[in-house]
Asks: 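This is the structure I want to talk about, given as structure tokens.
Just so it is clear: chains get the letters A, B, ... in the order the sequence lines come, proteins before strands, and each one is counted from 1. Just so it is clear, the model here is predicted, and its values are computed rather than measured.
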Amino acid sequence: MRRKGVNYSKYGYIFTLPFVLAFLIFSLYPILYTAVIGFTDMKGLIPKPIHILDNPFQNFKDLLFDNPSFRKSLINTGLLWITNFIPQIVLALLLTAWFTNRRLNIKGQGAFKVLLYMPNIITASTIAVLFSSLFAYPMGPVNSLFQMLGWSDAPIYFLQDKTTARGIVSFIQFWMWYGNTMIVLVAGVMGINPALFESAAIDGANAFQTFFRITLPSLRTILLYTLITSMIGGLTMFDIPQLFLAGGPDDSTLTTSMFIYGQAFKGSYMYNRAAAASMIMFIIAAVLSGILFYLMRDRDAAKLRKAQKNIYKSEKAAKAAAREV
Amino acid sequence: MEKAPRSEVVGRRISKTIIYIVCIFLAILSILPFWIMFVNATRSTPEIQSGLSLLPSTHLMSNLHVLLDKSFDPLRGFLNSFIISTSATICTVYFSSLTAYGLVAYNWKMRQPFFTFIMCVMMVPYQASAIGFYQFMYKLHWTNSFWPLILPAIAAPAVVFFMRQYLLATLSLEIVEAARVDGSGEFSTFNRIIFPLMMPAVATQAIFAFVGNWNNLFMPLILLTQKDKYTMPIMVSLLRGDIYKTEFGSIYLGLALTALPLFVVYFLLSRYIIAGVALGGVKE
């Protein structure tokens with residue numbers, strides 16, 4: 001009585017169609033369009049017909065070799081990412097080691113996690129403006145605090161100095177994101193098979209050995225995820241530096257995203273240059289992701305696969321030999 | 001024999017004390033800037049300039065008057081942000097669940113390549129398409145419209161990835177089979193059985209999508225030029241401008257007003273939000 005099974009596989013295509021359409025229209029087409037604009041002379045408020053430059057790579061060449069502002073923005077972006085990410089990952093790992101250590105049994109973990117994650121939820125633009133008010137000159141909350149504690153006699157003009165301005169932007173990024181990184185890592189540790197920790201304890205491993213030999217290697221996938229999301233986030237850093245100091249003083253907090261925004265939308269309408277800058281940024285993101293994937297690849301799994309292949313081969317050889325006999 | 005364990009106990013007590021001190025310091029570091037913001041929202045400009053205080057004052061109403069007298073219209077910004085964020089969130093969670101279900105429940109030829117493709121798309125920074133996107137929207141006369149901020153939310157690769165991991169772990173295809181036997185079509189099976197089953201995942205992703213859209217500055221700043229279309233983050237950027245230069249109390253109040261709803265939501269839902277971040281991090 002049973003009818004022959006209906007083939008449902010077409011629903012796979014139907015259900016993923018909205019995603020594909022939205023992606024093609026709102027992402028892929030604009031990316032290709034941006035790439036094309038990067039090779040043209042498109043500038044000015046009123047769009048002109050597309051005209052490819054005689055030397056198609058002119059915009060890229062100008063940016064990379066003749067535009068100090070763009071180079072500075074690339075360096076700043078890298079600098080700001082490194083100076084906020086290294087302390088962020090170190091502190092997050094430290095907190096993770098503390099919160100997941102059962103022998104220490106830290107109390108109030110839930111409350112700490114809620115509080116440390118809090119800065120991540122508030123609008124970045126609010127935080128940027130808030131910090132620029134906190135570091136106001138000559139009288140702002142931070143200056144008052146420093147004088148109250150006797151750390152400085154005269155008010156400090158934090159926002160006029162390149163180093164402190166960069167330092168504060170890095171600090172804001174760090175402060176907003178370390179709680180997030182920590183929670184992700186804690187969850188990762190909870191996902192590790194407890195038997196591994198038990199056997200380490202039986203073998204007499206101390207806290208350091210357990211952390212570096214068991215916890216860290218088991219967290220590889222999650223660390224890769226954290227690294228990549230943080231790297232893409234760092235490359236596209238926009239609202240904090242934009243609203244904190246609008247790139248100043250002297251372009252020291254100008255990021256690549258701000259450069260792109262400034263070229264295209266702040267009155268100069270240099271769409272071609274902005275598009276070429278976007279493409280350079282895209283290529284950097286792709287290359288860095290590729291490097292990260294390569295560095296963090298699962299060497300053991302690759303070895304295992306190789307070993308299995310060898311076993312399979314030798315089995316085959318054994319069977320063949322058996323047949324011959 | 002007794003000395004060794006005792007020194008160990010003492011050592012642990014010392015390290016625990018250090019840990020608590022560090023954690024409490026970090027917790028204060030998280031709260032303090034916001035506390036200063038709320039306190040300064042109630043203080044007058046001369047009071048703010050005379051020094052730091054951790055106790056509120058009485059100038060809330062006068063700050064509010066100054067704030068609203070100028071071009072700051074928090075209600076408008078609120079409403080706009082709310083419309084955009086809610087619609088975009090609904091698009092994101094519904095279509096991402098649908099896509100993920102398509103990936104998990106059906107065995108189709110392009111399934112694995114499509115998944116790899118989604119993983120790659122996840123790594124594209126959105127600025128890479130911003131210029132082309134703006135030009136495209138300009139041609140469609142969609143600048144100053146909310147559509148370009150809502151419709152792209154249908155394709156959210158990271159959410160699809162998360163939903164797929166969730167479905168792989170929880171969905172039993174027997175339910176789908178049973179629904180088929182009962183004569184339910186594939187779409188109504190998804191809408192009436194699978195989507196409700198995915199609620200825990202949908203709820204956490206909805207929170208993140210909402211916060212992400214609410215906080216988005218880059219795209220609205222590019223697309224929206226009319227004042228009555230401004231979103232909350234653009235409103236905040238106005239506070240940085242010249243019109244409020246000397247009105248510190250009002251600046252802080254404006255910031256407080258933009259942050260307050262998020263604080264309320266956060267403290268109501270913090271348990272789920274933390275669990276959601278954790279869930280989002282554990283992949284595979």
Asks: Hey, are the side chains of Ile131(B) and Phe265(A) touching, using non-hydrogen atoms and a 4.5 Å cut-off?
Replies: yes
Asks: Which atoms of Ser132(A) come close to chain B, meaning under 4.5 Å heavy atom to heavy atom: side chain ones, backbone ones, both, or neither?
Replies: side chain
Asks: Let's test your reading of the structure: which of Phe244(A), Tyr261(A), Tyr13(A) forms the most heavy-atom pairs below 4.5 Å with chain B?
Replies: Tyr13(A)
Asks: Looking at Ala277(A), Ala111(A), Pro141(A), which has the largest count of heavy-atom pairs under 4.5 Å with chain B?
Replies: Pro141(A)
Asks: Take Ser27(A) and Ser129(B) through the side-chain hydrogen bond (donor to acceptor under 3.5 Å, both in side chains) test and state the conclusion after the steps.
Replies: CA-CA 7 Å; Ser27(A) 291; Ser129(B) 64; 5.6 Å; no
Asks: Using 0.5 Å steps for rounding, measure from the CD1 atom of Ile25(A) to the CD1 atom of Ile154(B).
Replies: 8.5 Å
Asks: With rounding to the nearest 0.5 Å, note down the distance linking CG in Leu95(A) to SG in Cys23(B).
Replies: 5.5 Å
Asks: If I measure from the heavy atoms of chain A, does Val121(B) come under 4.5 Å with its side chain, its backbone, both, or neither?
Replies: side chain
Asks: Side chain from CB out, backbone as N, CA, C, O: work out which of these in Val22(B) comes under 4.5 Å of a heavy atom of chain A, or both, or neither.
Replies: side chain
Asks: What part of Ser289(A) is in contact with chain B, defined as an atom under 4.5 angstrom from a non-hydrogen atom: side chain, backbone, both or neither?
Replies: side chain
Asks: Under a 4.5 Å heavy-atom cutoff, which of Leu116(A), Leu235(A), Leu219(A) has the most pairs with chain B?
Replies: Leu116(A)
Asks: At a 4.5 Å cut-off on heavy atoms, which part of Arg180(B) comes close to chain A: side chain, backbone, both, or neither?
Replies: side chain
Asks: Any side-chain heavy atom of Leu103(B) within less than 4.5 Å of one from Phe15(A)?
Replies: no
Asks: Considering only heavy atoms, which portion of Ser15(B) lies under 4.5 Å from any heavy atom of chain A: side chain, backbone, both, or neither?
Replies: side chain
Asks: Okay, side chain of Thr34(A), backbone of Gly132(B): is any donor-acceptor separation there less than 3.5 Å?
Replies: yes
Asks: Using the six-membered ring wherever Trp is involved, compare the ring planes of Tyr266(B) and Tyr117(A) and label them parallel, tilted or perpendicular (cut-offs 30° and 60°).
Replies: tilted
Asks: Can you name the closest pair of heavy atoms from Pro233(B) and Thr123(A) and give their distance?
Replies: CG-CG2, 4.0 Å
Asks: Sort out for me which of Ile122(A), Ile183(A), Ile31(A) touches chain B most, counting heavy-atom pairs under 4.5 Å.
Replies: Ile122(A)
Asks: Is the Tyr8(A) ring parallel, tilted or perpendicular to the Tyr106(B) ring (thresholds 30°, 60°)?
Replies: tilted
Asks: As an exercise: rank Trp175(A), Phe19(A), Phe131(A), Tyr178(A) by heavy-atom pairs under 4.5 Å with chain B and give me the winner.
Replies: Phe19(A)
Asks: Between Ile121(A), Leu115(A), Ile232(A), Asp239(A), which residue shows the highest count of heavy-atom pairs closer than 4.5 Å to chain B?
Replies: Ile121(A)
Asks: Which atoms of Val114(A) come close to chain B, meaning under 4.5 Å heavy atom to heavy atom: side chain ones, backbone ones, both, or neither?
Replies: both
Asks: What part of Leu94(A) gets closer than 4.5 Å to chain B, counting heavy atoms only: side chain, backbone, both or neither?
Replies: neither
Asks: Is the ring centre of Phe26(A) less than 6.0 Å from the ring centre of Trp142(B)?
Replies: no
Asks: Report yes if the side chains of Met118(A) and Phe263(B) come closer than 4.5 Å at any heavy-atom pair, otherwise no.
Replies: yes
Asks: Relative to chain A, which segment of Pro148(B) carries a heavy atom at a distance below 4.5 Å: side chain, backbone, both, or neither?
Replies: neither
Asks: Using non-hydrogen atoms only, which part of Met110(B) is less than 4.5 Å away from chain A: side chain, backbone, both, or neither?
Replies: both
Asks: Out of curiosity, Thr16(A) OG1 to Arg111(B) CZ, how far, rounded to the nearest 0.5 Å?
Replies: 11.5 Å
Asks: Give, as side chain, backbone, both or neither, the part of Ile36(B) having an atom under 4.5 angstrom from any heavy atom of chain A.
Replies: side chain
Asks: Relative to each other, are the rings of Phe112(A) and Tyr20(B) parallel, tilted or perpendicular (30° and 60° limits)?
Replies: tilted
Asks: With a 4.5 angstrom heavy-atom cut-off, is it the side chain or the backbone of Phe187(B) that approaches chain A, or both, or neither?
Replies: both
Asks: Measure distances from Ile24(B) to the heavy atoms of chain A and classify the residue's part below 4.5 Å as side chain, backbone, both or neither.
Replies: both
Asks: Measure Phe133(B) against the heavy atoms of chain A and call it side chain, backbone, both or neither at under 4.5 Å.
Replies: both
Asks: Which region of Asn40(B), side chain (C-beta onward) or backbone (N, CA, C, O), has a non-hydrogen atom less than 4.5 Å from a non-hydrogen atom of chain A, or is it both or neither?
Replies: side chain
Asks: Run the ring-centre check on Phe117(B) versus Phe23(A) and record whether the distance is less than 6.0 Å.
Replies: yes
Asks: Check the angle between the aromatic planes of Phe136(B) and Tyr29(A) and answer parallel, tilted or perpendicular using the 30° and 60° thresholds.
Replies: perpendicular
Asks: Please flag which part of Ala156(B) lies under 4.5 Å from any non-hydrogen atom of chain A: side chain, backbone, both or neither.
Replies: backbone
Asks: Could you tell me which portion of Ile28(B) (side chain, backbone, both or neither) has an atom closer than 4.5 angstrom to a non-hydrogen atom of chain A?
Replies: neither
